[in-house]
Enquirer: 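Handing you a structure now.
Numbers restart at 1 for each chain; the letters A, B, ... are given by sequence-line order, proteins then strands. Fair warning: this is a prediction, and the values are worked out from it, not measured in the lab.
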Amino acid sequence: MEIHRIMQQAPHIRKSLLQWFQEEARDLPWRKSQDPYHIWLSEILLQQTRVDQGLPYYERFLVALPTLPALAAASEDEVLKLWEGLGYYTRARNLHKAARQVMEQHHGSLPESAEILQLLPGVGRYTAGAIASIAFNERVPVVDGNVKRVLTRLFNIAMPIGESATEKKLWAIADALVPESAPGDFNQSMMELGARICTPRKPDCDSCPVFSECAARKKGLQEQRPVKKPRKAVPHKEIVVAVIERDRQYLIGRRGPDGMLAGLWEFPGGKLEAGETHQAALARECAEELGVEVKVGGMIASVKHVYTHLKVTLNVYRCTIVSGEARSNVHTELKWVHPEEFDAYAFPKANHKFLDLLRPE
DNA sequence: AAGCCGGGGGG
DNA sequence: CCCCCAGGCTT
């Protein structure tokens, strides 16, 4: 499939998609706005996240932090609390960092070109293209999961997605298609098509505005596109969690600035080693992490949780400190908090699965 | 190129 | 259960 052949189809594809988008576009809050800050926030929120899942977060976030300067002035804890439960928390930390960068380097206004936008933390080629085309009308393409599916079907591309040659080709095609006028609407129309019509399974080809252009459908291969590489199995780990109580307060720690769930608060604990009992693991982890000797009480809960590349079972036990004063080697901060204060801290979802059990009545 | 990074909804 | 979502960053 050569680019110049695509260019011949381009006018029809543009016209059909733009007209369909004009008539059928969902009424999403960030589409009512021209504010680049709103567009930026929506794009970060929606990374690897369905629109329906991100929507309530968008509304709440803008009530709390209505402007870019307000975001820059907020604490990271406040931003993480607003992000709590959504996952991929690095997005929130980068958003916050980027806001401060924009205040310092761009006088508080987002840069208008995709090239410069991409210098902000958390803004890659996709997000830069989305902001630049939607908020600033720059003729740049976007390629997200939806667009990959639409393009591999429309042009019957059998190259496996994820490989650099394939990605390069998809970006080149997307670039060839995006028009000089209304680039943002066109980019959104491709994504909207992928989200609502050209779905991963059982695409609704009968309703598709580019039905007649679709090379994969002509061969009945639409559900075989895109071609993906096989996934790897996810390992499972047993975790022990110590709910340490003292004077009706519980010990929580803030996770370090790197890696999984960075910056979030949690109950201390760690991985069960081979052949180890829960009790032995709790004693060892509390000694290693907190420098305290604990007595292990009853089990509070055993909760399962699935991450992208990891499955865990949290075995949660009541513990009391027998000797020593807790000082964490792995957390940036420790606090003793009453259950009524839990809401002030951002906890990972896995912790929320047992948190309510600690609240009085 | 491959791994890491959350959580949820749909089939 | 498996899939994948308006991806980015690190190694």
Enquirer: By nearest nucleotide on DNA chain C, pick out whichever of A:Leu28 and A:Thr90 is the more 5' one.
Expert: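 The residue closer to the strand's 5' end, by nearest nucleotide, is A:Leu28.
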
Enquirer: Counting only N and O atoms by type, is there a donor-acceptor contact under 3.5 Å from the side chain of A:Ser33 to the main-chain atoms of A:Trp30?
Expert: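 Not a single qualifying donor-acceptor pair exists.
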
Enquirer: How many whole angstroms separate atom CD of A:Gln48 from atom P of B:dC4?
Expert: 16 Å

Enquirer: Which whole-number value in Å describes the distance from A:Tyr307 OH to B:dG3 P?
Expert: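 Answer to the nearest Å: 20 Å.
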
Enquirer: Between the side-chain atoms of A:Thr49 and the base atoms of B:dG6, is any donor-acceptor pair under 3.5 Å?
Expert: yes

Enquirer: Using atom C1' of each nucleotide, how far apart are C:dC4 and B:dG6 to the nearest Å?
Expert: 13 Å

Enquirer: Within the side chain of A:Glu167, is there an N or O that forms a donor-acceptor pair under 3.5 Å with the backbone of A:Gly162?
Expert: yes

Enquirer: Can you measure A:Ile131 atom CD1 to C:dA6 atom C1' for me and round it to whole angstrom units?
Expert: 11 Å

Enquirer: Take the protein atom CG of A:Asn187 and the nucleotide atom P of C:dA6, then report the distance between them rounded to whole Å.
Expert: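 The distance from CG of A:Asn187 to P of C:dA6 comes to 15 Å, rounded to the nearest Å.
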
Enquirer: What is the distance, rounded to the nearest whole Å, between atom CZ of A:Arg125 and atom P of C:dC9?
Expert: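 Going from A:Arg125 (CZ) to C:dC9 (P), I get 14 Å.
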
Enquirer: May I have the distance from A:Lys232 (atom NZ) to B:dA1 (atom C1'), rounded to whole angstrom?
Expert: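 After rounding, the gap between these two atoms is 12 Å.
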
Enquirer: Give a yes-or-no answer on whether the side chains of A:Arg255 and A:Thr332 include a donor-acceptor pair shorter than 3.5 Å.
Expert: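 Result is no, nothing qualifies.
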
Enquirer: Once hydrogens and angles are ignored, does a donor-acceptor distance under 3.5 Å link the base of C:dG7 to the side chain of A:Thr127?
Expert: no

Enquirer: Could you state the CE-P distance from A:Met191 to C:dC5, rounded to the nearest angstrom?
Expert: 13 Å

Enquirer: Before accepting this row, confirm whether a basic side-chain N of the pair A:Glu78/A:Lys81 lies closer than 4.0 Å to the acidic partner's carboxylate O.
Expert: no

Enquirer: What is the separation between atom NZ on A:Lys311 and atom P on B:dG7, rounded to the nearest whole Å?
Expert: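 Taking atom P of B:dG7 as the reference, NZ of A:Lys311 is at 16 Å.
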
